[in-house]
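The structure appears below as structure tokens.
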Amino acid sequence: MEGTKAAEEEEEQVVNPWEVSAKDGGKIDYDKLIDKFGCQRLDQTLIDRVQRLTSRPPHVFLRRGVFFAHRDLNEVLDAYERGDKFYLYTGRGPSSEALHLGHLVPFMFTKYLQDAFKVPLVIQLTDDEKCMWKNLSVEESQRLARENAKDIIACGFDISRTFIFSDFDYVGGAFYKNMVKVGKCVTYNKVVGIFGFTGEDHIGKVSFPPVQAVPSFPSSFPHLFSGKDDLRCLIPCAIDQDPYFRMTRDVAPRIGYHKPALIESLFFPALQGETGKMSASDPNSAIYVTDSGKDIKNKINKYAFSGGQDSIENHRKYGANLEVDIPIKYLGFFLEDDAELEYIRTEYGAGRMLTGDVKKRLIEVLTELVERHRRARAAVTDEMVDAFMAVRPLPNMFN
């Protein structure tokens, strides 16, 4: 009986790097996910500590619980407090030409961490992964990686502390040696248990996880961290990437490295409601960084799921259901001003503010964000992409 109950609970929600779905199309239960994955909640004491160590206000994503879980963040902060720096590692699987707002979340947060802690950053573009999973050609995967690099650079990363690499270009040498060391430590049964591979999956998929694991080890980047094998790594990512790093953390001490620390975010909800990730196949499920002001206005007004009541009379009487309201959730990500957000939540929840008012404010916030990103991206040249992706030392990386 117990086994059946556990199996039913397992079926309730699926969260892995390739699929995110809640039970019966409902909401992801993040508390259950934390228990299942074995990570910790990011509490206020850690947020206060980040503020104290960086002498700057915590990022809006920290203050509002967008980044809500971690593994060993306290250990990285302990080391930092002793004067031992760390490096950041994040990445992107380049499967589409344009990024949506959900894709920007980890990069916006990583930029804040880089600026606040003044540490180096490596960004992996897994063009090989997308070639295998999305059935793209090698050439198309490589082209998309460069296009996505432009959007990433547009987030404002410091070139003197940032190395962007694509797997097709960079994997080899010391990086490959670490891949082989990791591969030898993970049995086929283990990788099936973590990632759910089946007999129908080609062996390229089964052999991929070490590629995403080893940027966690400083010796994978001899041009950056030669002689610094003791350097710790902090990985900001969405929580669906956790399986890769559970595997990595299990292997790390066995091959002589620190376990990488993680700081993990919630999923950015689709316009239609909180049913996991957005679908790239449905352009109306997300706001893209290529959307015009008109597109944004149309998508928010037409598709953003509202918690408002079905008539103005009922809305004034009962107020909005903020738990399901997507415009309120999006403002929680992107409206900087805490006081204004609290005001909107209170007024809208009490029925004094209407859905149209909230959507209007959201349209202003997102239009400004997307316009700013578009201008920044237009300024990124191919030469800049080459410069960020050049294998070179980073002289200023810890200053």
Side-chain angles (χ1 to χ4, degrees), residues 56-68 98-113 115 151-152 154-157 236 238 265-275 277-278 282-308 315 319-379:
R56 62 169 73 195
H59 192 277
V60 65
F61 294 163
L62 266 186
R63 298 200 303 270
R64 304 207 184 129
V66 172
F67 278 78
F68 74 106
L99 277 65
H100 57 56
L101 293 181
H103 294 136
L104 282 188
V105 166
F107 292 109
M108 291 167 78
F109 188 64
T110 301
K111 176 183 160 38
Y112 150 77
L113 291 173
D115 292 347
D151 280 301
I152 292 167
C155 293
F157 292 106
S265 73
L266 311 164
F267 301 118
F268 190 73
L271 280 169
Q272 283 80 355
E274 282 203 281
T275 52
K277 275 175 144 179
M278 284 159 286
D282 177 8
N284 292 322
S285 70
I287 303 290
Y288 285 82
V289 295
T290 48
D291 284 348
S292 67
K294 192 177 166 193
D295 293 333
I296 293 170
K297 185 176 179 180
N298 182 43
K299 283 183 181 181
I300 297 297
N301 283 331
K302 205 167 172 182
Y303 300 109
F305 188 82
S306 167
H315 186 78
N321 177 357
L322 303 184
E323 279 303 299
V324 299
D325 192 87
I326 287 297
I328 283 288
K329 291 194 185 300
Y330 277 26
L331 286 170
F333 277 80
F334 297 122
L335 179 63
E336 279 285 335
D337 187 328
D338 290 342
E340 186 187 353
L341 181 67
E342 196 43 51
Y343 173 80
I344 292 172
R345 288 179 63 88
T346 305
E347 294 297 297
Y348 188 40
R352 290 187 292 273
M353 196 180 237
L354 299 176
T355 299
D357 303 325
V358 179
K359 286 189 170 184
K360 182 171 180 287
R361 184 66 185 112
L362 177 62
I363 290 163
E364 289 166 8
V365 169
L366 294 187
T367 305
E368 187 195 341
L369 175 78
V370 169
E371 275 301 319
R372 196 167 60 234
H373 182 85
R374 190 165 34 238
R375 284 195 303 273
R377 192 191 191 280

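More than 12 non-hydrogen atoms from other residues, nucleotides or ligands lie less than 6.0 angstrom from CD of Glu340. When the shell of 6.0 Å around CZ of Arg361 is examined, it contains more than 12 heavy atoms from other residues, nucleotides or ligands. Other residues, nucleotides and ligands contribute over 12 non-hydrogen atoms within 6.0 Å of the CD atom of Glu364.
Qualifying ring pair (Phe, Tyr, Trp, His ring centres under 6.0 Å) partners for Phe107, counting only residues two or more places apart in sequence or in other chains: none.
If you check the side chains of Asp151 and His373, you find a donor sitting under 3.5 Å from an acceptor.
Taking CG from Leu104 and CD1 from Ile152, the interatomic distance works out to 9.5 Å, rounded to the nearest 0.5 Å. In this structure, OG on Ser292 lies 9.0 Å from NZ on Lys299, to the nearest 0.5 angstrom. In this structure, OG1 on Thr355 lies 10.5 Å from CZ on Phe305, to the nearest 0.5 angstrom. Leu362 CG to Ile287 CD1: the interatomic distance, rounded to the nearest 0.5 Å, is 7.5 Å. To the nearest 0.5 angstrom, Phe334 atom CZ is 5.0 Å from Phe61 atom CZ. To the nearest 0.5 Å, atoms CD1 (Ile300) and OG (Ser306) are separated by 11.5 Å.
What you find for Val289 and Arg374 is that their closest heavy atoms are O-NH1, 3.8 Å. Between Arg63 and Pro58, the closest heavy-atom pair is NH1-O, 3.0 Å. Across every non-hydrogen atom of Leu271 and Ile326, the tightest pair is O-CG1, 3.6 Å. Scanning both residues, Leu322 and Arg345, for their nearest heavy atoms gives CD1-O, 3.5 Å. Contact record, Leu331 with Arg64: O-NH1, 3.6 Å, taken as the closest heavy-atom pair. Ala98 approaches Thr290 most closely through the heavy-atom pair CB-OG1, 3.7 Å.
Put simply, the side chain of Val105 does not reach to within 4.5 Å of the side chain of Leu266, judged on heavy atoms.
Of the possible polar contacts, one joining the Asp291 side chain to the Tyr288 backbone as a donor-acceptor pair under 3.5 Å is found. Remark: the backbone N or O of Glu347 is not paired with any side-chain donor or acceptor of Arg352 at under 3.5 angstrom. In terms of modelled atom types and a separation under 3.5 Å, the side chain of Arg377 and the main chain of Ala154 share no donor-acceptor contact. In this structure, the side chain of Tyr330 engages the main chain of Pro269 through a donor-acceptor pair within 3.5 Å. Panel note: side chain Gln272, backbone Asn284; a donor-acceptor pair is recorded below 3.5 Å. In this structure, Lys359 contributes its side chain and Pro327 its backbone to no donor-acceptor pair below 3.5 Å.
Annotation: Phe109 is in aromatic contact with Tyr112 [ring centroid separation under 6.0 Å].
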Go through the steps to decide whether Phe157 and Thr110 satisfy the test side-chain contact (heavy atoms from CB on, under 4.5 Å), and finish with yes or no.
CA-CA 9 Å; Phe157 292 106; Thr110 301; 4.1 Å; yes
Kindly indicate, with the supporting measurements, whether the criterion side-chain contact (heavy atoms from CB on, under 4.5 Å) is fulfilled by Leu101 and Val370.
CA-CA 9 Å; Leu101 293 181; Val370 169; 4.2 Å; yes
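With respect to the salt-bridge test (charged N to carboxylate O, under 4.0 angstrom), the residues Lys329 and Asp325 do not qualify.
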